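What you are looking at is a predicted structure, and each value in this text was computed from that prediction instead of being measured.
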Amino acid sequence: MVGLPWEQHITFLDETSRVQDIIHRVQEGVRACAHHPAVLCYTIGNEIPAQIVRWYGPKPIEDFLHQLYQAVKAIDSEGLVTYVNYPTTEYLSLPFLDFDCFNVYLETEEKLSIYLSRLHNLSGDRPLVLAEIGLDSMRNGEEKQAEVLDWQIRTIFGKGCAGTFVFAWTDEWWRGGFEIEDWDFGIVDRQRASKLALQAVQQAFSDAPFASKSILPRISVIVCSYNGSATIRDTLDGLLNLDYPDFEVIVVNDGSTDQLVQIAGEYPFRLISTPNQGLSTARNTGLYAASGEIVAYIDDDAYPDPHWLQYLAYSYQTTSHAGIGGPNLLPENDGSIATCVFHAPGGPVHVLTTDDVAEHIPGCNMSFRREVLLEIGGFDPIYRAAGDDVDICWRVQHTGRTIGFHPSATVWHHRRNSLKAYWKQQKGYGRAEALLEQKWPEKYNGMGHVSWGGRIYGNGVTQPLSLRRSRIFHGIWGSAPFQSVYQPASGFISYLPLMPEWYLLTGFLGFLSILGLGWSPLLWALPAFMAALVIILIQSGVSAAKARLTVPKDQQIKYWALITSLHSVQPLARLYGRLAYGLTPWRKRGPVSYNPTHLFSRKSVLTKWSESWRSAEDWLGEMESQLKALDIRVRPGGEYDAWDLQVSGSLFSSVRGLLTIEEHGAGKQLVRFKCWPKYSAATGILLAVMLGLSGLAVASQAYIVGAVFGLFSVVLLVSFFTGTARSLAALSEAFQQSPKEAALKEVLHIEVEPELITVP
């Protein structure tokens with residue numbers, strides 16, 4: 001690793017002549033080493049002090065390092081170039097580097113492991129190298145130094161880093177012309193005599209990237225395929241090259257009609273053929289046939305890194321996670337359309353709640369402890385093509401277990417290689433979302449969007465347009481040893497254009513513009529319609545510009561235009577799939593039948609006599625389970641809420657409930673549950689606007705336009721009242737059925753107050 005030294009400890013950007021001199025000296029250093037077989041890479045800097053970066057701000061430093069990078073490439077275009085960063089300036093954004101380097105001195109294994117996960121997420125799909133690790137034996141002793149270096153190296157390789165450098169070879173060290181005499185970081189002393197650390201480092205590097213393979217768990221790799229003969233050969237070739245001592249491969253042929261059976265028969269793997277029953281059933285077939293304690297799933301259009309199973313096994317041995325996933329990257333030379341699809345939204349991505357704990361891992365690269373999958377009943381057969389991975393992750397987490405993520409448990413995943421295939425895939429994902437919402441209504445909001453608790457990682461994520469600037473945590477007077485970027489969450493308004501329903505709004509504005517031909521005041525909708533379209537294009541273009549493309553300059557505009565169009569089209573395809581399978585903003589949830597008195601009730605009080613004592617938490621927990629079984633969206637009250645449960649029968653209505661218990665001695669209880677509609681100001685405003693427009697149109701003798709808005713008002717009112725009735729019926733039914741105990745004697749009373757609901 002060739003260091004290219006310059007005055008990074010001073011305010012080097014103050015003088016243009018100094019900047020040019022630095023660039024010249026860096027290029028001279030590269031000329032002296034270019035194309036030498038011993039050169040791994042060039043470093044264009046090493047730990048620019050945090051105070052210097054803070055003095056100029058990160059952007060000028062990033063631009064200057066990019067300038068140095070280009071200067072090195074101008075001399076040695078094939079040479080690898082990096083910058084050696086450190087935790088105090090981890091916020092520097094340097095996506096142009098060939099790989100990332102950090103100096104990290106952490107003296108506990110847990111802290112190092114956690115921080116390496118963070119660095120991997122900052123690096124994305126670039127390799128990560130630790131440029132300095134070590135421990136001072138003068139203060140800690142030689143035995144401690146050897147012990148720490150041993151687990152540091154093993155942890156670094158186990159966490160998937162590309163390599164590491166130990167600081168230092170010898171205790172003899174000079175800085176600024178002066179010998180350093182107050183610490184001993186060497187693995188040999190000043191006379192070059194070996195220290196205990198030398199043998200420890202030698203053994204750790206000999207074992208790299210992994211130590212003894214004799215105690216690793218058996219893993220069953222399962223490939224499910226339906227007519228996947230076009231790509232499965234890459235998958236099976238990759239599985240042949242896995243570096244792991246104890247694994248089996250099971251290929252499940254889900255009723256294919258192409259050449260899949262013949263291709264799979266050429267490999268020494270187990271083949272199971274079944275009638276076509278869908279992806280989830282095929283995954284279960286492999287699960288039941290597996291002999292490993294870990295089952296790892298890979299798609300038939302992906303192939304693994306040779307160390308894929310090693311990294312999964314490392315995570316299972318060092319954590320208690322029930323499942324582990326990893327990234328999926330684009331293979332080289334997959335074509336221009338596949339490259340653009342890789343950088344487009346809607347691909348298989350992982351969602352992380354911390355740097356190494358996942359809320360979701362994609363099905364093309366996921367693994368689980370077999371006993372856990374068997375315990376929860378395997379995959380749900382309702383998901384025939386997509387959605388199975390989201391469902392299984394939620395079900396595993398519902399048991400209280402966690403799912404992990406290893407950034408180097410990598411598979412290479414072919415993307416769709418035509419626009420037609422991409423459109424079809426996104427429609428299928430929309431259908432899967434509709435199926436998931438039916439099973440997990442509590443995970444979705446009223447508009448039909450899943451509320452992820454973690455952060456989505458991966459290429460092609462469309463970025464919201466926001467004027468909020470990121471802020472850097474420096475600590476008081478720049479004293480924090482770990483300084484990072486704080487990115488404030490964008491507001492709801494910023495995220496609106498990201499939703500597929502934005503296209504519904506855009507279409508509605510277009511519809512109003514057409515109505516403007518019959519009633520001129522509605523022509524005001526035309527500028528809004530155009531603005532909505534412009535926002536889609538700007539947002540898509542900005543997001544596409546963030547793609548890291550390694551294509552010739554003369555093709556970059558073409559790639560950007562295609563990626564922009566994919567960003568624009570993808571929400572429309574998802575929306576089409578959602579609407580086709582019932583996931584609409586105006587969908588109705590809950591019981592089909594309801595008491596007519598519920599249509600206009602302001603309050604219902606349910607009572608029940610119980611001969612056996614139960615806590616309020618038990619009653620409410622059982623009610624929540626019953627409500628979920630009734631296919632209605634339910635949300636428990638928070639710590640500051642004066643209600644216990646809220647259910648929503650439609651987008652425009654919801655009902656809240658509050659439980660209280662009268663204690664009557666000897667374990668006997670009178671349970672009372674009060675429910676009342678939640679009035680929505682947005683619903684009232686929308687209704688007022690519709691009625692107002694209807695009245696104005698009729699007054700202007702635009703009777704057709706007035707009738708249209710009048711119809712919208714009626715539909716809104718009907719949705720509100722019927723949704724409220726459905727919610728009340730669901731709460732009544734859930735209260736009646738909980739808890740399910742044979743010894744429970746129930747007496748139900750419903751008190752409906754006669755006042756009618758008034759919509760504000």
Please table the atom pairs, donor to acceptor, closer than 3.5 Å between any side-chain atom in residues 333-352 and protein atoms at least two apart or in another chain.
from   : atom 1 : to     : atom 2 : distance (Å)
Asp334 : OD1    : His414 : ND1    : 3.1
Asp334 : OD2    : His414 : ND1    : 2.8
Thr339 : OG1    : Gly335 : O      : 2.8

Contacts under 3.5 angstrom, residues 686-695 side chains, donor-acceptor by atom type, not counting sequence neighbours:
from   : atom 1 : to     : atom 2 : distance (Å)
Ser694 : OG     : Gly706 : O      : 2.8

Asp380 vs Lys439, test: salt bridge (charged side-chain N to carboxylate O under 4.0 Å, His left out). Steps then yes/no. CA-CA 11 Å; Asp380 190 336; Lys439 185 175 181 180; 2.9 Å; yes
Does the pair Asn365 and Asn328 meet the rule for a side chain to side chain donor-acceptor pair (under 3.5 Å), with working shown? CA-CA 7 Å; Asn365 182 9; Asn328 61 101; over 6 Å; no
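Looking at Arg384 and Asn276, their side chains come closer than 4.5 Å, going by heavy atoms from C-beta outward.
A donor-acceptor pair is defined here as one N or O able to donate and one able to accept, closer than 3.5 Å; no such pair exists between the side chain of Ser513 and the backbone of Leu523. Checking side-chain atoms of Ser653 against main-chain N and O of Thr724 turns up a donor-acceptor pair under 3.5 Å.
Not a single side-chain hydrogen bond (donor to acceptor under 3.5 Å, both in side chains) links Asp299 to another residue, sequence neighbours left out. In this view, Tyr429 and Gln425 satisfy the side-chain hydrogen bond (donor to acceptor under 3.5 Å, both in side chains) rule, not counting sequence neighbours. In terms of the salt bridge (charged side-chain N to carboxylate O under 4.0 Å, His left out) criterion, residue partners of Lys59 (sequence neighbours excluded) are, by chain and number, Asp63. With sequence neighbours left out, the side-chain hydrogen bond (donor to acceptor under 3.5 Å, both in side chains) criterion links Ser123 to Asp100.
Cation-pi check for Arg416 over Tyr422 is not met; the charged atom does not lie both under 6.0 angstrom from the ring centroid and within 45 degrees of its normal.
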